[in-house]
Amino acid sequence: MNDIRVRFAPSPTGYLHVGGARTALFNWLFARHHGGSFILRIEDTDVERSTEESARQIIQSLTWLGIDWDEGPLKGGDYGPYFQSERLSLYREYSQKLLDEGKAYLCFCTQEELAREREEARKQGRPPRYSGRCRDLSLEERERCLEEGRRPVIRLMVPRQGTTVVSDLIRGEVSFENKVFDDFIIVKSDGMPTYNFACVVDDSTMKISHVIRAEEHLSNTPKQMMLYRALGFSLPKFAHVPMILAPDRSKLSKRHGATSVEEFREQGYLPEVIVNYLALLGWSPGDNREIMGIDEIITEFSLDRVSKTAAVYDTKKLTWLNAHYIRETAVDDLIKTALPFLEKEGILREPVPDSTYQKLRDAVEAVQDRVKTVAEIPHAVSYFFSDDFEYEEKGVNKHFKKEGVADLLRAARERLAEVEPFDLETTEKAYRALIAERGIKGGQLIHPTRVALTGRTFGPGLFDVMVILGKERTLERLDRAIKMIEKL
RNA sequence: GCCCCCAUCGUCUAGCGGCCUAGGAUGCCGCCCUCUCACGGCGGUGACAGGGGUUCGAAUCCCCUUGGGGGUACCA
């Protein structure tokens, strides 16, 4: 492992959504490509919104995706702890240092005062920036405020002149006039560090070499650079990856349906599909490859092939990719991932006995290229496991209400009764013979039979269905359908 | 309001001055295969936001406009 160190630093305030997952993935790919370290750090300094449950959830989602970390929660490492809430003494140490060196100061303004000032400034068309009033507080004034029990925040003294230039690996040089920034808060009145401060202290003390994060942080970067300078830390390299937008081009949020990794999992998407798809959102290998295995992506990944344009994620393409992977997956592996779904839908219970497993295997194989998600499998195979199904109305109208269908099915039933062994070849031969004798089109017999056996007008090849069901159940279902048709 | 970023088919993208009458994928449409539905194969639809420059030559470089996104919090 070399000295390339990157991190993913989510705040545990909700599920891991596709944007976060993509950021995590790019960091991870970068680390794996270069043989560096990938660190997971939990940014739980927002006491109000952070939850342990959310942290657990994020960790679970990352694990499911196969994004593993070299240092972080559950794993440890030489630069821990990896929860910011456990690093408070570190932030205290550095904020005190800034205070001692006169690079930061205590501010006693209340949130109400500040809000009022902002409002005032907005009305007058001035930028809503903090005035810097408390910079010049006298020692006495400070003492008095402290004695009154006011809880100050700590602000960084920001240079009023000059320019801060961010050197971004993806966007090139981006410059900011220092005067657009105010003396921003680095420690809140509850003693917790703000994002910009904790982030800098941690990235530096954790020896992060490349800060790869979403573009929404680009505007924060000059502030962080000011902190690096004030603290005497050396700068990491920055790379701001484009955002992922919801289909309506707005920022991703809860109201956009399935945006969390967890939801995609529940909907029957495969982790390797999410990874493949996400890798292609904002990055491409440079040629026309789209279906790429994880190892392939790792060897090809490079930051200079990351685009600058925000991407809208499109579940249509995700679904296509998922269907493709499902087709390519070995049946036994597919069954393994489908089992929880099958169980949930009451199709079967674990442990699956050998005899059932064989049937399950045949059934899954039969529907494998007909489903787009694993979650569709239970419904697709349900009639193989339950005799108790309804006939589709469309099928009844179209195929059961035809003249002479009952008679035709009766004839078919008699032929099939004599078929031995009952396999693909023999069943089809029997049917073809009957079709020829009657001088009808294949579909005229095959369609009503399918409705009789499955209740549906679509599905796997009819003879596959017969063989998987077995002779006995095939005949039973034909009998049942004939009876039903006669009552129509 | 101010600051920053971005701009190729509906969507994801290739393109880094001539190879572009702009390539691939997905979606959609049609045809073929076929017992249905899928799969697969073939074909079609569809984009350089607009305007100025620079250049022998611009999707590619520069400027403006427009549009989209982000930031501007005691959120991260």
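Any value given below was found using the heavy atoms of this structure, including those in side chains, with hydrogens, waters and symmetry copies removed. Chain naming here is simple, since letters A, B, ... match the order of the sequence lines and numbering starts at 1 in each.
Comparing the C1' positions of C74(B) and G27(B) gives an interatomic distance of 47 Å, to the nearest angstrom. Across the P atoms, C3(B) and U11(B) are found 29 Å apart, a figure rounded to whole Å. U45(B) and C63(B) are spaced 36 Å apart, taking the C1' atom of each and rounding to whole Å. A22(B) sits 15 Å from G50(B) when the P atoms are compared, rounded to a whole Å. Here the separation of U8(B) from C48(B), taken at their P atoms, is 11 Å to the nearest Å. Nucleotides C12(B) and U72(B), compared at atom C1', are 31 Å apart to the nearest Å. Across G15(B) and A47(B), the matching C1' atoms stand 13 Å from one another, rounded to whole Å. Comparing U21(B) with G1(B), their C1' atoms sit 47 Å apart, to the nearest whole Å.
In terms of phosphate contacts, Lys251(A) brings a side-chain nitrogen or oxygen within less than 4.0 Å of OP1 or OP2 of G71(B). Of the side-chain N and O atoms in Thr45(A), one or more sit less than 4.0 angstrom from OP1 or OP2 of A76(B). Under 4.0 angstrom from either OP1 or OP2 of C35(B) there lies at least one side-chain N or O belonging to Arg432(A).
Of the candidates A76(B), A7(B), U11(B), A7(B) carries the atom nearest the Thr309(A) side chain, counting heavy atoms from C-beta on. Relative to the side chain of Arg370(A), the nucleotides U8(B), U72(B), A38(B) differ in distance, and A38(B) lies closest. For Lys188(A), counting side-chain heavy atoms from C-beta on, the closest listed nucleotide (G27(B), C74(B), C12(B)) is C74(B). For Met243(A), whose side chain is taken as the heavy atoms from C-beta onward, the closest listed nucleotide among C39(B), G69(B), G23(B) is G69(B).
Pro460(A) comes within 4.0 angstrom of a nucleotide base, judged by non-hydrogen atoms across all strands. Using a 4.0 Å heavy-atom criterion, one finds that Thr13(A) contacts no nucleic acid atom at all. Across all strands shown, Arg213(A) has no heavy atoms under 4.0 Å from either base or sugar-phosphate atoms. Looking at heavy-atom distances under 4.0 Å, Thr319(A) makes no contact with the nucleic acid at all. Here Glu290(A) lies in heavy-atom contact (under 4.0 Å) with a base. Using a 4.0 Å heavy-atom distance criterion, Ser284(A) is classed as a sugar-phosphate-only contact. Arg327(A) comes within 4.0 angstrom of sugar-phosphate atoms only, judged by non-hydrogen atoms across all strands, and of no base. Backbone-only engagement by Val312(A) is indicated by non-hydrogen atom pairs under 4.0 Å involving sugar-phosphate atoms exclusively. If you check every strand for non-hydrogen atoms under 4.0 Å, Gly282(A) touches sugar and phosphate atoms only. Using a 4.0 Å heavy-atom cutoff across all strands shown, Leu462(A) reaches at least one base atom of the nucleic acid. The residue Arg450(A) sits close to a base: some heavy atom pair falls under 4.0 Å. Residue contacts for Ser189(A): at a heavy-atom cut-off of 4.0 Å it reaches a base atom on one of the strands shown. Residue contacts shown for Ser11(A) are limited to sugar-phosphate atoms, with no base heavy atom under 4.0 Å away. Within 4.0 Å of Pro222(A), counting heavy atoms only, lies no atom of the nucleic acid at all.
If you find the closest nucleotide of RNA chain B to Gly442(A) and to Ile185(A), the one lying nearer the 5' end belongs to Gly442(A). The nearest heavy atom of RNA chain B to Asp314(A) and to Lys308(A) marks one nucleotide each, and the one closer to the 5' end goes with Lys308(A).
Under a 4.0 Å N-O distance rule, the pair Arg122(A)/Glu120(A) does not qualify as a salt bridge. With respect to Glu290(A) and Lys317(A), a salt bridge is recorded, a charged nitrogen being found less than 4.0 Å from a carboxylate O. Under the 4.0 Å criterion applied to side-chain N and carboxylate O atoms, Arg171(A) and Glu215(A) are assigned as salt-bridge partners. For the pair Glu43(A) and Arg7(A), the salt-bridge criterion is not met [side-chain N within less than 4.0 Å of a carboxylate O]. Taking 4.0 Å as the cut-off between side-chain N and carboxylate O, Arg41(A) and Asp203(A) count as a salt-bridged pair. In summary, Asp407(A) and Arg438(A) engage in a salt bridge, as defined by a charged side-chain N under 4.0 Å from a carboxylate O. The pair Asp287(A)-Arg289(A) counts as a salt bridge, with a side-chain nitrogen and a carboxylate oxygen less than 4.0 angstrom apart.
Between the C1' atom of C35(B) and the CZ atom of Arg456(A) lies a distance of 17 Å, rounded to the nearest Å. In this structure, the CD1 atom of Ile377(A) is 14 Å from the C1' atom of A38(B), given to the nearest Å. Spacing between atom NZ of Lys317(A) and atom P of A25(B) amounts to 9 Å, rounded to whole angstrom units.
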